[in-house]
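Worksheet: one structure, shown below.
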Amino acid sequence: QVQLVESGGGLVQAGGSLRLSCAASGSIISVDSMGWYRQAPGKQRELVARISSLTRKDYVDSVKGRFSISRDNAKNTVYLQMNSLKPEDTGVYYCNAEITSVETGSGYRKLRRYYWGKGTLVTVSS
């Protein structure tokens, strides 16, 4: 029943900014850590940033000082503010979250696992 939906991707010039959003919905009991990953053609998916339920933040070295992750627990939403974008930031950005929910069809059993969004494309031109 749980799903993640990303938005905010697009085309931007180098040095520009974008703000990505990811909202979780469904029979959610709690949302634990949330994060953003990205994948460029021919490359492995990599962690960009994660934020814990206590708002501890981790970033890949290449985006430190430029990107900022945040969350709104009331909306079950995570954001990624991306500033000073570079061409090497280009890729499909995927939302990921660890969520405890009511198991589909059970009405009472709990399930805790990671979920993935379908991705949003970010293209940075030089």
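Just so it is clear, the values below take in all heavy atoms, side chains as well, and ignore hydrogens, waters and symmetry mates. We count residues from 1, following the sequence as given.
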Using 0.5 Å steps for rounding, measure from the OG atom of Ser25 to the CG atom of Asn76.
9.0 Å
Nearest heavy-atom approach of Ala97 to Leu4 is N-CD1, 3.8 Å
Could you state whether Phe67 and Val60 fall into the same hydrophobic cluster, counting links through intermediate Ile, Leu, Val, Met, Phe, Trp or Tyr residues with side-chain heavy atoms under 4.5 angstrom apart?
yes
Could you see if Leu85 belongs to whatever hydrophobic cluster contains Tyr59? Use Ile, Leu, Val, Met, Phe, Trp, Tyr and a side-chain cutoff under 4.5 Å.
yes
Taking C-beta and beyond as the side chain, do Gln3 and Val5 meet within less than 4.5 Å on heavy atoms?
yes
Show your working on side-chain contact (heavy atoms from CB on, under 4.5 Å) between Val102 and Arg109 and close with a plain yes or no.
CA-CA 6 Å; Val102 176; Arg109 289 195 292 270; over 6 Å; no
Correct closest heavy-atom pair for Ser17 and Asn83 would be OG-OD1, 2.9 Å
Does the side chain of Tyr79 reach to within under 4.5 Å of the side chain of Cys22, using non-hydrogen atoms?
no
Check the hydrophobic clustering (I, L, V, M, F, W, Y; side-chain heavy atoms under 4.5 Å; chains of links allowed) and say if Tyr115 and Trp36 are grouped together.
yes
Charged N to carboxylate O below 4.0 Å: is that the case for Arg112 and Glu98?
yes
Within-4.5 Å side-chain heavy-atom neighbours: Leu18 and Val12
yes
Among pairs that include at least one residue of residues 97-126, which meet disulfide bond (SG atoms under 2.5 Å apart), considering only residues two or more places apart or in two chains?
none
Which pairs of donor and acceptor atoms, one on a side chain in residues 50-58, lie under 3.5 Å apart (sequence neighbours left out)?
residue: Arg50; atom: NH1; partner: Tyr37; partner atom: OH; Å: 3.1
residue: Arg50; atom: NH1; partner: Asn96; partner atom: OD1; Å: 2.9
residue: Arg50; atom: NH2; partner: Ser33; partner atom: OG; Å: 2.7
residue: Arg50; atom: NH2; partner: Asn96; partner atom: OD1; Å: 3.4
residue: Ser52; atom: OG; partner: Leu54; partner atom: N; Å: 3.2
residue: Ser52; atom: OG; partner: Thr55; partner atom: N; Å: 3.3
residue: Ser52; atom: OG; partner: Arg56; partner atom: N; Å: 3.0
residue: Lys57; atom: NZ; partner: Ile69; partner atom: O; Å: 3.3

Linked, directly or transitively: Trp116 and Leu121 (ILVMFWY side chains, under 4.5 Å):
yes
In this structure, which one of Leu80, Val92, Thr120 forms a side chain to side chain contact (heavy atoms under 4.5 Å, CB included) with Glu6?
Thr120
Looking only at non-hydrogen atoms, find the nearest pair between Ala24 and Ile99 and report the distance.
CB-CD1, 4.0 Å
Salt bridge (charged side-chain N to carboxylate O under 4.0 Å, His left out) partners for Arg113, two or more places apart:
none
So, using salt bridge (charged side-chain N to carboxylate O under 4.0 Å, His left out) as the criterion, who are the partners of Arg38 when residues are at least two apart?
Glu46, Asp89
Full working for side-chain contact (heavy atoms from CB on, under 4.5 Å) between Tyr93 and Gln39:
CA-CA 7 Å; Tyr93 283 68; Gln39 187 169 23; over 6 Å; no
Pairing residues for Lys43 by the salt bridge (charged side-chain N to carboxylate O under 4.0 Å, His left out) criterion, not counting sequence neighbours:
none
Ignoring hydrogens, what is the shortest heavy-atom contact between Arg71 and Val31? Give both atom names and the distance.
NH2-O, 3.2 Å
Distance to the ring centre below 6.0 angstrom and angle to the axis at most 45 degrees; does that hold for Arg45 and Tyr94?
yes
Here the pair of heavy atoms bringing Asp32 nearest to Thr100 is OD2-OG1, 3.9 Å
Of all heavy-atom pairs linking Cys95 and Val78, the shortest is SG-CG1, 3.9 Å
Taking only residues two or more places apart in sequence, or in another chain, which ones meet Asp72 in a salt bridge (charged side-chain N to carboxylate O under 4.0 Å, His left out)?
none
If you measure from OG on Ser27 to NZ on Lys110, what distance do you get to the nearest 0.5 Å?
12.5 Å
With rounding to the nearest 0.5 Å, note down the distance linking CD in Glu103 to OH in Tyr108.
8.5 Å
